[in-house]
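Below is one structure; the comments refer to it alone.
We name chains A, B, ... by the order of the sequence lines, and we start the count at 1 in each one.
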There are 2 protein chains.
Amino acid sequence: MSSPQNQFLEYLAKNKMAATEQRRIVLEVFLGTQGHHSCEELYAHVSKRDSSISPATVYRTIKLIAESGIAESLDFGDGITRFECRHDREHHDHLVCIRCNRRIEVMEDRIEELQEKLACKHEFEVHRHKMILYGICPDCRKQ
Amino acid sequence: MSSPQNQFLEYLAKNKMAATEQRRIVLEVFLGTQGHHSCEELYAHVSKRDSSISPATVYRTIKLIAESGIAESLDFGDGITRFECRHDREHHDHLVCIRCNRRIEVMEDRIEELQEKLACKHEFEVHRHKMILYGICPDCRKQ
DNA sequence: TTATCAAATGAGAACCGATGTCAAGACATG
DNA sequence: CATGTCTTGACATCGGTTCTCATTTGATAA
């Protein structure tokens with residue numbers, strides 16, 4: 001599999017979109033982060049690298065990065081869309097602590113299988129899914 | 001189990017909140033609906049019964065109804081919060097068609113069990129969860 | 001009942017993440 | 001290079017939801 005940079009360039013070329021300096025910078029900054037980040041956070045990081053890049057461009061570009069398959073958008077239900085890197089990573093779901101907001105990534109193949117079966121039973125063709133378990137994390141339970 | 005009306009009144013009393021005419025009407029209207037409804041839709045129905053009730057009151061009241069355990073808030077990721085009746089109903093998850101927006105309710109005990117186990121493994125105390133499968137429904141697949 | 005006061009309401013402003021608009025500037029192709 | 005389209009930055013706008021605050025209402029005590 002090619003590097004995320006090349007994957008993005010290929011996506012842009014395929015859709016006849018320009019490989020601008022701003023898009024390169026936003027992608028680099030995004031790849032340099034870990035975990036789940038909002039556009040606002042991403043914009044803060046991008047600004048450090050090039051303060052002339054506008055928030056709108058960050059919003060526009062991260063969407064492209066998601067469409068190209070490099071990022072995945074996440075919705076934890078607090079009204080903020082976050083993005084995480086998908087490149088060379090397994091699919092996973094999330095546990096979210098409703099006290100401290102900590103988010104843990106989890107994976108359970110048997111759940112994925114059952115989801116597929118469930119959809120099949122209803123003749124649904126699943127494109128993606130979202131599973132979030134909200135609760136209290138170990139640290140907060142001790143308090 | 002008491003009626004939802006009484007359950008709501010008990011909830012209000014316990015929290016030293018007034019049982020106003022507006023709250024009674026919003027609850028009645030909500031109980032008279034089926035499926036998943038946004039505050040805007042609910043407000044439209046409420047208005048027919050009493051046009052002097054404001055949107056803000058509907059927003060405020062449906063939140064109380066959810067906190068009292070009678071309603072559950074749903075987030076399908078389109079920026080609109082919807083509510084469905086929880087009173088005397090089993091928990092269920094949703095299949096959402098990304099073409100026609102049709103939403104199907106589904107239930108799979110084994111997934112619920114696995115979710116519980118998964119949380120347990122991470123010492124998480126789960127309060128609620130959200131599982132939505134996005135895809136194409138049977139009708140849209142035929143087209 | 002009536003008086004009292006905290007709580008709830010209606011109206012409309014404010015909020016905020018996100019998107020739209022548009023003139024100016026940058027990129028790819030010939 | 002020159003051309004024409006795409007992209008950008010700046011800023012306005014959007015839409016669901018929440019906030020503010022003066023007015024009204026409900027719950028409690030007298």
**OP:** Please step through salt bridge (Lys or Arg N to Asp or Glu O under 4.0 Å) for the pair Arg89(B) and Glu105(B), ending with a clear verdict.
**Re:** CA-CA 12 Å; Arg89(B) 292 207 58 198; Glu105(B) 299 180 355; 2.9 Å; yes
Atom [atom1] of [X] and atom [atom2] of [N]: how far apart are they, to the nearest Å?
{"X": "Lys16(B)", "N": "dA27(D)", "atom1": "NZ", "atom2": "C1'", "result": "11 Å"}
{"X": "Leu42(B)", "N": "dT17(D)", "atom1": "CG", "atom2": "P", "result": "12 Å"}
{"X": "Tyr43(A)", "N": "dT8(D)", "atom1": "OH", "atom2": "P", "result": "14 Å"}
{"X": "Leu12(B)", "N": "dA8(C)", "atom1": "CG", "atom2": "C1'", "result": "11 Å"}
{"X": "Ile62(B)", "N": "dT18(D)", "atom1": "CD1", "atom2": "P", "result": "12 Å"}
{"X": "Asp50(B)", "N": "dT24(D)", "atom1": "CG", "atom2": "C1'", "result": "14 Å"}

**OP:** Only counting residues at least two apart or in another chain, list the ones meeting salt bridge (charged side-chain N to carboxylate O under 4.0 Å, His left out) with Asp93(B).
**Re:**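 Per chain and number, Asp93(B) pairs via salt bridge (charged side-chain N to carboxylate O under 4.0 Å, His left out) with no residue.
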Subject >> Partners meeting salt bridge (charged side-chain N to carboxylate O under 4.0 Å, His left out) with Glu125(B) (sequence neighbours left out) >> reply: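 For Glu125(B) the salt bridge (charged side-chain N to carboxylate O under 4.0 Å, His left out) partners, ignoring immediate neighbours, are Arg141(A).
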Original post:
Got Gln34(A) and Glu84(A) here, is their nearest side-chain heavy-atom distance under 4.5 Å?
Top reply: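 Sidechains of Glu84(A) and Gln34(A): no contact.
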Subject >> Residue pairs passing the salt bridge (Lys or Arg N to Asp or Glu O under 4.0 Å) test where at least one lies in residues 44-57 of chain A, sequence neighbours excluded >> reply: none
Original post:
Counting just side-chain N and O atoms, does Tyr59(B) come under 4.0 Å of either OP1 or OP2 of dT17(D)?
Top reply: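 Yes, Tyr59(B) has a side-chain N/O under 4.0 Å of OP1/OP2 on dT17(D).
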Subject >> DNA chain D contacts made by residues 64-83 of chain B, counting heavy atoms under 4.0 Å >> reply: Gly79(B), Ile80(B), Thr81(B)
Subject >> ring-ring contact (aromatic ring centres under 6.0 Å, His included) pairs, two or more places apart, involving residues 58-83 of chain B >> reply: His36(B)-Phe76(B), Phe76(B)-His94(B)
Original post:
Which pairs count as ring-ring contact (aromatic ring centres under 6.0 Å, His included) when at least one residue sits in residues 99-128 of chain B, sequence neighbours excluded?
Top reply: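 The answer is none; no pair qualifies.
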**OP:** Name all residues meeting the ring pair (Phe, Tyr, Trp, His ring centres under 6.0 Å) criterion together with His91(B); count only those two or more places apart in sequence or in a different chain, and write none if there are none.
**Re:** His129(B)
Subject >> side chain to side chain contact (heavy atoms under 4.5 Å, CB included) involving Arg102(B) - partner list, sequence neighbours excluded >> reply: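 With neighbours one apart ignored, the set is Cys97(B), Cys100(B), Ile104(B), Cys137(B), Pro138(B), Asp139(B).
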Using a cutoff of under 3.5 Å, can you pull out all pairs of nitrogen or oxygen atoms linking the protein to nucleotides 9-12 of chain C, with atom names and distances?
residue: dT9(C); atom: OP1; partner: Thr20(B); partner atom: OG1; Å: 2.9
residue: dT9(C); atom: O3'; partner: Gln22(B); partner atom: NE2; Å: 3.1
residue: dG10(C); atom: OP1; partner: Ser52(B); partner atom: O; Å: 2.9
residue: dG10(C); atom: OP2; partner: Ser54(B); partner atom: N; Å: 3.1
residue: dG10(C); atom: OP2; partner: Ser54(B); partner atom: OG; Å: 3.0
residue: dG10(C); atom: OP2; partner: Thr57(B); partner atom: OG1; Å: 2.3
residue: dG10(C); atom: N7; partner: Arg60(B); partner atom: NH2; Å: 2.9

Original post:
Tell me the side chain to side chain donor-acceptor pair (under 3.5 Å) pairs involving residues 20-32 of chain B, sequence neighbours left out?
Top reply: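 Those involving residues 20-32 of chain B are Gln5(B)-Glu28(B).
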Side-chain donor-acceptor contacts of residues 60-67 of chain A below 3.5 Å, not counting sequence neighbours, with atom names and distances?
residue: Thr61(A); atom: OG1; partner: Thr57(A); partner atom: O; Å: 2.7
residue: Glu67(A); atom: OE1; partner: Tyr11(A); partner atom: OH; Å: 2.9

**OP:** Compute the angle between the rotation axes at the two ends of the helix from dT1(C)-dA30(D) to dG30(C)-dC1(D), each taken over five pairs, rounded to 10 degrees.
**Re:**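 Taking five pairs per end, the axes differ by 40°.
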